[in-house]
> 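Pasting a structure below so you can have a look.
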There are 2 protein chains.
Amino acid sequence: MGSEAIKRSLEEIGLRCTPQRYAVMAFLMGCKEHPTAAEIFDAVNRVDSRSSRATTYNNLRDLVQAGLVREVAVEGRAARFDAKGMRHHHFICDRCGHVEDVKWYTVRKPASLSLGKRVLRECEVIFRGLCSKCARRRADR
Amino acid sequence: MGSEAIKRSLEEIGLRCTPQRYAVMAFLMGCKEHPTAAEIFDAVNRVDSRSSRATTYNNLRDLVQAGLVREVAVEGRAARFDAKGMRHHHFICDRCGHVEDVKWYTVRKPASLSLGKRVLRECEVIFRGLCSKCARRRADR
DNA sequence: TCTTATATTAGATATATTCAAATATCTTCA
DNA sequence: TGAAGATATTTGAATATATCTAATATAAGA
């Protein structure tokens, strides 16, 4: 997505394309990791120190709410974020908390499974275990 | 599980059966909700004011590590806990953050799906949407 | 260019969680 | 039983994470 495309997608959802908001979006889109809010704040300000912590949080909240960004909660650690591009599932490392993408596949909800009066919006799989780095470290010892 | 059973399962994993730890475990087992650490602290102390916040957190950490309790991270909210009885998946309400159990079924990892050098330990499905209470409220308006 | 709704900022505050050191309690075995 | 040593708990303070406030600035349409 080019810079114009980011601008357009922000405007489509009724958010102004401010430099700070644009920077968050552009960073997330160019980032294969799943950074925390603090990491996003640092990265954006490393390039051009013009954003505050509160703005970073505000923008992340708005972008998540608008559906452009996904927030992944991780047990005992800060939340992580990624731009919603291709749909995907997540792998979370039990040891270091790292979040990685797992290629999307459709999860079929078994016909027998009742969700009652709940409204289902989404259905994702969380894989847990050791990321390749932690798996290697463990094998070394 | 009776009180003896709790005692035994704690000792099996090398944790002493202290009043505080027992209280956390017993409360979680008798609780259909998925309480936060703060709610667990309150509930345990409502009965018998003998535990501190730090102890509650310490015990939860130990119980999670030992595999008797599951921690569920929820976006933008405090973590929630439940005793691992029957295996189950989770439904998280996007609106109120409520966590509910969903009947367990085995998730087949597609043969085509490579997790690379990662070590897979667990695979759970997170359903997201509106819980029945929030769905009703929304329909009312 | 002007206007105005929206966004940003710094710092204060709230909430969630962990840490460190002192104290208490178990367990073992003499 | 009763020391001694190991383990657990408590407490208050520290840290991490996230949100709020109110003053100020700015994007974008008229």
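Every chain is numbered from 1, with letters handed out A, B, ... down the list of sequences.
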> Specify the residue among B:G76 and B:R53 whose closest nucleotide of DNA chain D lies further upstream toward the 5′ end.
B:R53
> Reckon B:N58 touches a base, only the sugar-phosphate, or nothing at all at heavy-atom distances under 4.0 Å?
base
> Return the angle between end axes of the helix from C:dT1-D:dA30 to C:dA30-D:dT1, with five pairs used per end and rounding to 10°.
30°
> Enumerate the ring-ring contact (aromatic ring centres under 6.0 Å, His included) contacts for residues 91-126 of chain B, please, sequence neighbours excluded, ordered by first and then second residue.
B:H89-B:W104, B:H89-B:Y105
> Base, sugar-phosphate alone, or nothing: which one does A:D62 contact when heavy atoms must sit under 4.0 Å apart?
nothing
> With nearest nucleotide decided by heavy atoms, which residue, B:R16 or A:T18, maps closer to the 5′ end of DNA chain C?
A:T18
> List the residues meeting side-chain hydrogen bond (donor to acceptor under 3.5 Å, both in side chains) with A:R80, not counting sequence neighbours, and say none if there are none.
none
> Applying a 4.0 Å non-hydrogen cut-off, can you work out what A:S51 is touching in the nucleic acid: base, sugar-phosphate, or nothing?
sugar-phosphate
> The side chain of B:A78 lies closest to which of these nucleotides: D:dA28, C:dA10, C:dT17?
C:dT17
> Base, sugar-phosphate alone, or nothing: which one does A:R21 contact when heavy atoms must sit under 4.0 Å apart?
sugar-phosphate
> Taking the minimum atom-to-atom distance to the side chain of A:T55, which one of C:dT8, C:dA10, D:dT9 wins?
C:dT8
> Which part of the nucleic acid, if any, lies within contact of A:A38, taking any heavy atom under 4.0 Å across all strands shown: a base, the sugar-phosphate backbone alone, or nothing?
nothing
> Identify whether any heavy atom of A:E75 sits under 4.0 Å from a base atom; if not, whether one sits that close to sugar-phosphate; answer base, sugar-phosphate or nothing.
nothing
